Amino acid sequence: MRIAVLDDFSTLINQTLSNWNWQVINGQNWTLEDFKKNANQFEGIIIRSKFPLDREHLTLAKKLKFIARPGSGLENIDLKYCEENNIDVFRSPEGNRDALAEHTLGMLLSLINHLNIANSEVRNNIWEREKNRGTELKGKVMAIIGYGYMGKAFAQRLKGFEMEVIAYDKYISGFGNNHVKEVNLEEIFQRADFVSLHTPLSSETIGIMNKSFFEKFKKPFIVINTARGKSLIVEDLINSLNTKKIIGACLDVLDVEASNFSLNKAENKSFEKLKKFNNVVLSPHIAGWSYESKEKMAKVILEKIHRKFIL
């Protein structure tokens, strides 16, 4: 088969495809127009999020048998079209769940112990001990919304901190065990000290973290989003930070990111305001982006392709 590899992945992918005597087409530097010109040549696509594979673009790939997305999110792929045309879609959240869980925990610990602020101050010969007094996780309530691969991995990391972990998932049930309690959203609103979002992007989750959502919480809390930027309304978060309804945030994802960032600050007023909050920790969409996860995501996706087309 002829496979178009459209992003920078572990070399394991190219090596393995070649070992199967499949032809690898290097499309890492392709534009969307390049893809359209070559779409009728290949039977497989391996892509992260270079450009959307919607119905219009996929209809050009007449020979297409599968799309592989190392990672978790499939929002850029027209899954309905793929189902209608017997195109297999593979993903590999098993490969980056550990990295994401550790990164999420790292952001949280940095926030509640003021590590980013303290680090900057000490480098400027400022020793502010009382102002940077930390908060312990032990005895607090962590609420996880979305208990798939990522939510579960994060809950596992929290076991040693002696927190109470509660979780809600609209589509998964029966997952309660000795380190997580399955609850409804109302219990989360009543009890959470921290809320960590681990849901895919869909029509249901776009803007799910908004003013109405924040106002339902009984006590001030910390927001964590390592899922999708479009799931959180930044302006509503800012308003809740100003009123102290939200006492801090850890954000690895934003609606405004490198792929759509404008240098015109007037178009990104919310982001400019957000950056001024010392009780917000930001990272550039790298949760799940470890050296190890790059290899694991490749291995998992190759195993799934192999089971379908080689065995």
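These numbers come from a predicted model, not from an experiment. Along the sequence shown, the residues carry numbers beginning at 1.
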Could you pull out all residues at least two apart from [X] that satisfy side-chain hydrogen bond (donor to acceptor under 3.5 Å, both in side chains)?
X	answer
Asp34	Thr31
Ser240	none
Lys131	Glu121

Salt bridge present between Glu162 and Lys138 (N-O < 4.0 angstrom) | yes
Report the residues that fulfil ring-ring contact (aromatic ring centres under 6.0 Å, His included) with Phe35, sequence neighbours left out, ordered by chain and then residue number.
-> Phe42, Phe51
Not counting sequence neighbours, which residues clear ring-ring contact (aromatic ring centres under 6.0 Å, His included) with Phe189? List them please.
-> Phe213, Phe217
Can you list, pair by pair, the side-chain donor-acceptor contacts under 3.5 Å of residues 100-108, counting residues two or more places apart and other chains?
unit_1 : atom_1 : unit_2 : atom_2 : d
His103 : NE2    : Ser283 : OG     : 3.0
Thr104 : OG1    : Leu100 : O      : 2.7
Thr104 : OG1    : Thr226 : OG1    : 3.4

Heavy-atom donor-acceptor pair, Ser10 side chain to Ala298 backbone, under 3.5 Å | no
Glu164 pairs by salt bridge (Lys or Arg N to Asp or Glu O under 4.0 Å) with which of Lys181, Lys140, Lys159, Arg191?
-> Arg191
Phe9 side chain reached by Ile301 side chain, heavy atoms, under 4.5 Å = no
Side-chain touch Val5/Asn26, heavy atoms, less than 4.5 angstrom = no
Who passes salt bridge (Lys or Arg N to Asp or Glu O under 4.0 Å) against Glu186, sequence neighbours left out?
-> none
Quick one: salt bridge (charged side-chain N to carboxylate O under 4.0 Å, His left out) pairs with a partner in residues 81-93, sequence neighbours left out?
-> Arg55-Glu84, Asp88-Lys308
Qualifying salt bridge (charged side-chain N to carboxylate O under 4.0 Å, His left out) pairs, either residue in residues 297-306, two or more places apart = Glu94-Lys304
When rounded to the nearest 0.5 Å, the distance separating CD of Gln190 from NZ of Lys218 is 5.5 Å
Spacing of Leu64 atom CG and Leu53 atom CG [to the nearest 0.5 Å] = 8.5 Å
Would you check if the distance from the ring center of Phe221 to the ring center of Phe194 is below 6.0 Å?
-> no
Cluster partners of Leu201, using ILVMFWY side-chain heavy atoms under 4.5 angstrom, listed by chain and number?
-> Ile206
If you link ILVMFWY side chains whenever their heavy atoms are less than 4.5 Å apart, which other residues fall into the same cluster as Met297? By chain and number, please.
-> none
Heavy atoms from other residues, nucleotides or ligands near CH2 of Trp289 exceed 12 (cutoff 6.0 Å) = no
Verify the neighbour count for atom NZ of Lys211: are there more than 12 heavy atoms of other residues, nucleotides or ligands below 6.0 Å?
-> no
What ring-ring contact (aromatic ring centres under 6.0 Å, His included) pairs are there with at least one residue in residues 132-160, not counting sequence neighbours?
-> Tyr147-Phe175, Phe154-His198
